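Everything numeric here is computed off the predicted structure, so don't read it as measured data. When reading the values below, keep in mind they use all heavy atoms of this one structure, side chains included, and skip hydrogens, waters and symmetry mates. Chain letters run A, B, ... following the sequence lines, proteins first and then strands; every chain starts at 1.
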Amino acid sequence: MSDLYERIYTIVRQIPQGRVTSYGAIARCLGTKSGARMVGWAMNASHVTNVYVPAHRVVNRNGMLSGKHHFGGSTVMEDLLKSEGIEVVDDQIMDFGKHFWDPFVELKIKI
DNA sequence: AGCCTGACCTAGG
DNA sequence: TCCTAGGCCAGGC
């Protein structure tokens with residue numbers, strides 16, 4: 001596994017329960033060169049990985065569950081988020097800004 | 001090797 | 001304010 005993937009997984013694993021972040025935020029945290037698409041690609045690969053990655057806490061910048069179809073089931077992602085106390089309506093996270101978890105702030109302290 | 005695609009984002013018209 | 005185009009990198013064919 002490449003370093004990039006590992007770094008992405010590390011960041012995603014830092015997301016606390018009931019919080020969410022965006023692909024772009026993670027991408028920026030790693031440096032814009034990586035690109036937000038790579039984060040999504042890494043999430044896709046995370047299904048195969050033996051390490052647990054809470055990919056359901058990562059959404060696009062609008063707070064929309066663009067990756068729900070990749071969870072195998074149809075409402076698995078939505079269910080997981082709801083079980084963590086996040087309100088999801090019509091594939092959209094309510095109060096996204098409220099639940100938003102900024103990698104910059106946390107990683108500044110953690111790393 | 002080249003082309004197409006993808007769980008994205010930003011900028012310009 | 002909505003729509004289009006471009007940029008980014010990795011993988012499949």
Side-chain angles (χ1 to χ4, degrees):
Chain A
M1 172 126 23
S2 67
D3 261 1
L4 177 64
Y5 279 44
E6 198 169 332
R7 255 176 291 184
I8 293 175
Y9 294 152
T10 304
I11 294 176
V12 176
R13 251 175 298 171
Q14 302 291 321
I15 305 176
Q17 236 186 19
R19 294 299 204 82
V20 290
T21 190
S22 69
Y23 301 97
I26 297 173
R28 284 205 176 205
C29 194
L30 298 167
T32 320
K33 329 169 218 178
S34 306
R37 308 189 109 166
M38 293 308 95
V39 180
W41 202 253
M43 292 299 107
N44 188 24
S46 75
H47 282 283
V48 191
T49 317
N50 42 10
V51 189
Y52 171 70
V53 179
H56 60 279
R57 296 182 193 145
V58 184
V59 293
N60 67 356
R61 147 185 147 70
N62 296 317
M64 196 164 61
L65 309 187
S66 33
K68 66 178 284 184
H69 292 294
H70 290 268
F71 269 77
S74 45
T75 57
V76 181
M77 189 173 185
E78 190 177 326
D79 245 11
L80 286 167
L81 288 172
K82 280 183 180 175
S83 70
E84 293 187 357
I86 297 177
E87 201 173 348
V88 179
V89 178
D90 197 23
D91 299 342
Q92 187 85 23
I93 293 178
M94 304 275 87
D95 295 323
F96 180 61
K98 200 171 172 184
H99 294 292
F100 186 74
W101 179 85
D102 196 348
F104 281 108
V105 180
E106 289 293 328
L107 295 180
K108 251 184 203 168
I109 303 170
K110 302 236 169 192
I111 296 179

side-chain contact (heavy atoms from CB on, under 4.5 Å) with A/Arg57: of A/Arg13, A/Glu84, A/His99, only one passes, and it is A/Glu84

Indicate whether OP1 or OP2 belonging to [N] is found under 4.0 Å from a side-chain N or O atom of [X].
X       : N     : result
A/Tyr5  : C/dC9 : no
A/Thr32 : C/dC8 : no
A/Arg37 : B/dT5 : no

In whole Å, I'd like the distance from the [atom1] atom of [X] to the [atom2] atom of [N].
X       : N      : atom1 : atom2 : result
A/Met43 : C/dA10 : CE    : P     : 15 Å
A/Met77 : B/dA7  : CE    : P     : 12 Å
A/Leu30 : C/dA10 : CG    : C1'   : 15 Å
A/Asn44 : C/dG12 : CG    : C1'   : 12 Å
A/Trp41 : B/dA7  : CH2   : P     : 8 Å
A/Arg61 : B/dC8  : CZ    : P     : 13 Å
A/Ile15 : B/dA7  : CD1   : C1'   : 14 Å
A/Arg28 : C/dC8  : CZ    : C1'   : 13 Å

Nearest to side-chain heavy atoms of [X], which nucleotide of [options]:
X       : options              : result
A/His70 : B/dC9, B/dA7, C/dC9  : B/dA7
A/Lys33 : C/dA10, C/dC9, B/dC8 : C/dC9
A/Ala36 : B/dA7, B/dG6, B/dC9  : B/dC9

B/dA7 and C/dC3: how far apart are their C1' atoms, nearest whole angstrom?
-> 22 Å

Joint cluster assignment, A/Met43 & A/Met77, ILVMFWY side-chain distance < 4.5 Å | no

Taking N and O atoms by type only, does the side chain of A/His47 place a donor or acceptor under 3.5 Å from a partner on the base of B/dA7?
-> yes

Could you check which nucleotide pairs with C/dC8 in any of the strands shown, counting Watson-Crick or G-U wobble with both distances under 3.5 Å?
-> none

So what does A/Ala55 touch, heavy atoms closer than 4.0 Å: a base, only the sugar-phosphate, or nothing?
-> base

Contact class for A/Gly67 vs. all strands (heavy atom < 4.0 Å): base, sugar-phosphate, or nothing?
-> base

How about [X]: does its [atom1] atom have over 12 heavy atoms from other parts shown lying under 6.0 Å from it?
X       : atom1 : value
A/His69 : NE2   : no
A/Arg28 : CZ    : no
A/Gln92 : CD    : yes

Along DNA chain B (nearest heavy atom to each residue), the more 5'-positioned of A/Met38 and A/Asn62 = A/Met38

